[in-house]
Structure formats: structure tokens, C-alpha cells
Protein chains: 2
Amino acid sequence: MKRNSRLSLALHTLSHMAEEPNRVRTSADIADHAGTNPVVVRRVLGRLREAGLLTSEKGHAGGWRLARSPQQITLADVYLALNERMIATGPDYEVPSCSVEHALFRRVTTVLTEVEASLVQKLSETPISAISGT
Amino acid sequence: MKRNSRLSLALHTLSHMAEEPNRVRTSADIADHAGTNPVVVRRVLGRLREAGLLTSEKGHAGGWRLARSPQQITLADVYLALNERMIATGPDYEVPSCSVEHALFRRVTTVLTEVEASLVQKLSETPISAISGT
DNA sequence: GCATACGCAACTAATAAAGTTACATTTAGC
DNA sequence: GCTAAATGTAACTTTATTAGTTGCGTATGC
């Protein structure tokens, strides 16, 4: 794995799960499939659980499962759950003091925010069931 | 500066240039405004030049200038010039051997490619002149 | 010829992410 | 209860990317 790996891992895993929603999978199984390791899987899937897309159960016979039907989970849900905004200029760029600069800065930020919203809108049109074979 | 800095730097610089298209700017000037240094500026703007968005001239009184009018340069041009695909699963994820896996893999890739195309389409609707004050 | 610009290569430093190890906690089944 | 198997999480190491820096070659206008 390399870059964009969280989104990639999340999508592949969810698509798989969408094919057999009732099957419980352990992070070790998922890691094997994805060619990574269980802790990394738990880190990524943990975010999806926080967002209400997955549930996990501890202990013997525990593991991961979809929290709702594959038709009700869209790519936007996954994208937002990972909380990795691809576009927005973060709040780290030094905010300019000059007012002209500041106005320019705000216009750039505004446009990028709109673009991101449009991206999320587009993502929300595709449920993960459309990616799985079912 | 931190992340997304190339896109950020490019957009801010181009927006500035859009306000006074005839003015030639040195990488040192631009670096001062952006709070970075001239070499970094040349690296980023170099990509925009390769994409035909900017021209640069060496020597005394040299510097950077828009290659065409601000109305004719869109955010998609900038995004594509930087060649940083934000979405696509690169060709680095190990390609699965199992045919079922392979089919799933291809569907994920296809969907992400479509999403990226839609993003570029959206970006192409905004020229940099819309961000500058003019 | 000299000052001033870009072009580029090479190196360092900072950052983020994946990978790894270790251990606590929870749960099912005996 | 004991044990095996699973998640949860913290800490650390490794790796990859990027910004930053330095130095020097080359081009250009005065």
C-alpha cells in the first residue's frame, strides 16, 4: 500500500462486506485480503465505526460488520468518515494581515469549499452496493 | 505552509497575477508574498509553465507572467498541471490475482476515476479571474 | 562585464502515514 | 473459572513525501 490507502482500504473492505452483509470478519482476515496488518485495519475501520457505518464486537467470535444495509452507505459517507479533506486549504496557511491579501485568501478558500461540497454531492450518489458485485 | 500547499500556492499566485496580468514577477517577490522561498516557488510554477499556463524569462528583468488571459485559465488547468490526483487509487496497490478480487478492484478504480472526472469538470467551470478581485 | 533573473541538482529537515510490538480488555465456549 | 480469540490502544520504528536550503550554471539587459 501507499498513498490514498485509507480511502482505498475502506472502499475495498466495505465493498467486500456488501457482498455478504451478515458475515462477521476479523481485522486479521481483512488485513490478509488487503495485504496489510490488523492494527492498520482497525485504525481505519475504527473511523468508519465512529461514523456509524460499521459495528465491531470484541472477544471470541467478534469482528466487524456493516451497521446498515449496503444500499444505505454511500461513498460520501466513507469519504467524510475518514475526515481527510482532499481540497480545503487548511487553517495552517498563515492568514495574511493585509486586507487585500485577506480578501483574496477568503475567495480562494470559498471556491475550494464549494468544490469540495460538489465532490461530496457527487459521492453521495453512489452506494457501496454499486461497487460490490451484488 | 503545510499540506495542500502546492495547490494553495499555485492558486494564490495565479489569482494575484490575474489582477495585473502584464506585471512580471520574480520568484523572490512571489516567495515573499507566500511566506516561502524562491526555489519552492520555481518548482511549483515550473509545473504550471510546463502545462502552458505561465511563461518565465531568465536574466535581468526576467520573471513570471500569465501565458494567456485570466479568463482562459481555469481551476481544472491548475489542478491537472500539478498532477496530484487526489482520488485515484494509484497503480501501487497490489493487483489481486483472484478473479473475483480483481473484478472488485476494477470496479472501485472505475468509480474513483469517474468521481475524479466529475471533480475536474466542476473545476473547469471557474476561471482564476473569478478568484481575483477583478 | 556585471548584476539579476531562472534552472537544476544535491542535500537536509520536518511531517505524515504505515507498519510493528506489546499489552489490557472483552467475550464465547468448555 | 479458565482459556482462546477478538478488539482497543499506546508507543515506537520505518518509510515516503515534501518543504526548505545551498550552490552553481546559464541567460539576459544595462
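Since the model is a prediction, treat every value here as computed from it, not as a measurement. Just so we're on the same page: letters track the sequence lines, and every chain starts at 1.
Here Gly59(A) lies in heavy-atom contact (under 4.0 Å) with a base.
One atom, NE2 of His60(A), and another, C1' of dA5(D), lie 6 Å apart when rounded to the nearest Å. Rounding to whole angstrom units, CG of residue Asn83(A) and P of dA16(C) are separated by 14 Å. Distance CZ (Arg47(B)) to P (dC6(C)): 18 Å, rounded to an integer number of Å. Across the protein-nucleic acid pair, Asp32(A) atom CG and dG19(C) atom P stand 13 Å apart, rounded to whole Å. At whole-Å resolution of the value, CG in Leu7(A) and P in dA18(C) are 11 Å apart. Atom P of nucleotide dA27(D) and atom CD of Glu57(B) are separated by 15 Å, given to the nearest angstrom. Atom pair Glu84(A):CD and dA16(C):C1' shows a separation of 11 Å (rounding to whole Å applied). As rounded to whole Å, 8 Å separates atom P of dT9(D) from atom CD of Glu50(A).
Put simply, Asn37(B) has a side-chain N or O that comes within less than 4.0 Å of OP1 or OP2 on dT21(D). Neither OP1 nor OP2 of dT7(D) sits under 4.0 Å from any side-chain N or O of Thr26(A). At least one side-chain nitrogen or oxygen of Arg6(A) sits closer than 4.0 Å to the OP1 or OP2 atom of dA18(C). Distances shorter than 4.0 Å separate none of the side-chain N or O atoms of Arg43(B) from OP1 or OP2 on dA19(D). Residue Thr36(B) has no polar side-chain atom (N or O) positioned under 4.0 Å from OP1 or OP2 of dA19(D). Applying the 4.0 Å criterion to OP1 and OP2 of dA18(C), one finds that Ser5(A) has a side-chain N or O inside that range. Contact annotation: Arg42(B) side-chain N/O to dC6(C) OP1/OP2 distance is under 4.0 Å.
Proximity of a side-chain donor or acceptor of Arg65(A) to a complementary backbone N or O of Val24(A) within less than 3.5 Å is not detected.
In this structure, the nucleotide among dG8(D), dT28(D), dA19(D) sitting nearest to the side chain of Val40(B) is dA19(D). In this structure, the nucleotide among dT27(C), dT4(C), dC6(C) sitting nearest to the side chain of Arg49(B) is dC6(C). If you check dG8(D), dT20(C), dC8(C) against the side chain of Val39(A), the one that comes closest is dT20(C).
In this structure, Arg68(B) places its CZ atom where more than 12 heavy-atom neighbours from other residues, nucleotides or ligands lie under 6.0 Å away. The number of heavy-atom neighbours closer than 6.0 Å to CD of Glu19(A), taken from other residues, nucleotides and ligands shown, is above 12.
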Before you tell me yes or no, could you show the steps for Leu104(A) and His16(B) under side chain to side chain contact (heavy atoms under 4.5 Å, CB included), namely the whole-Å CA-CA distance, both residues' side-chain angles and the distance that decides it to 0.1 Å? CA-CA 8 Å; Leu104(A) 175 65; His16(B) 246 125; 3.7 Å; yes
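Both Ser27(B) and Lys58(A) lie near DNA chain C, and the one whose nearest nucleotide falls closer to the 5' end is Ser27(B).
The shortest side-chain heavy-atom distance between Arg106(A) and Thr109(A) does not fall under the 4.5 Å cut-off.
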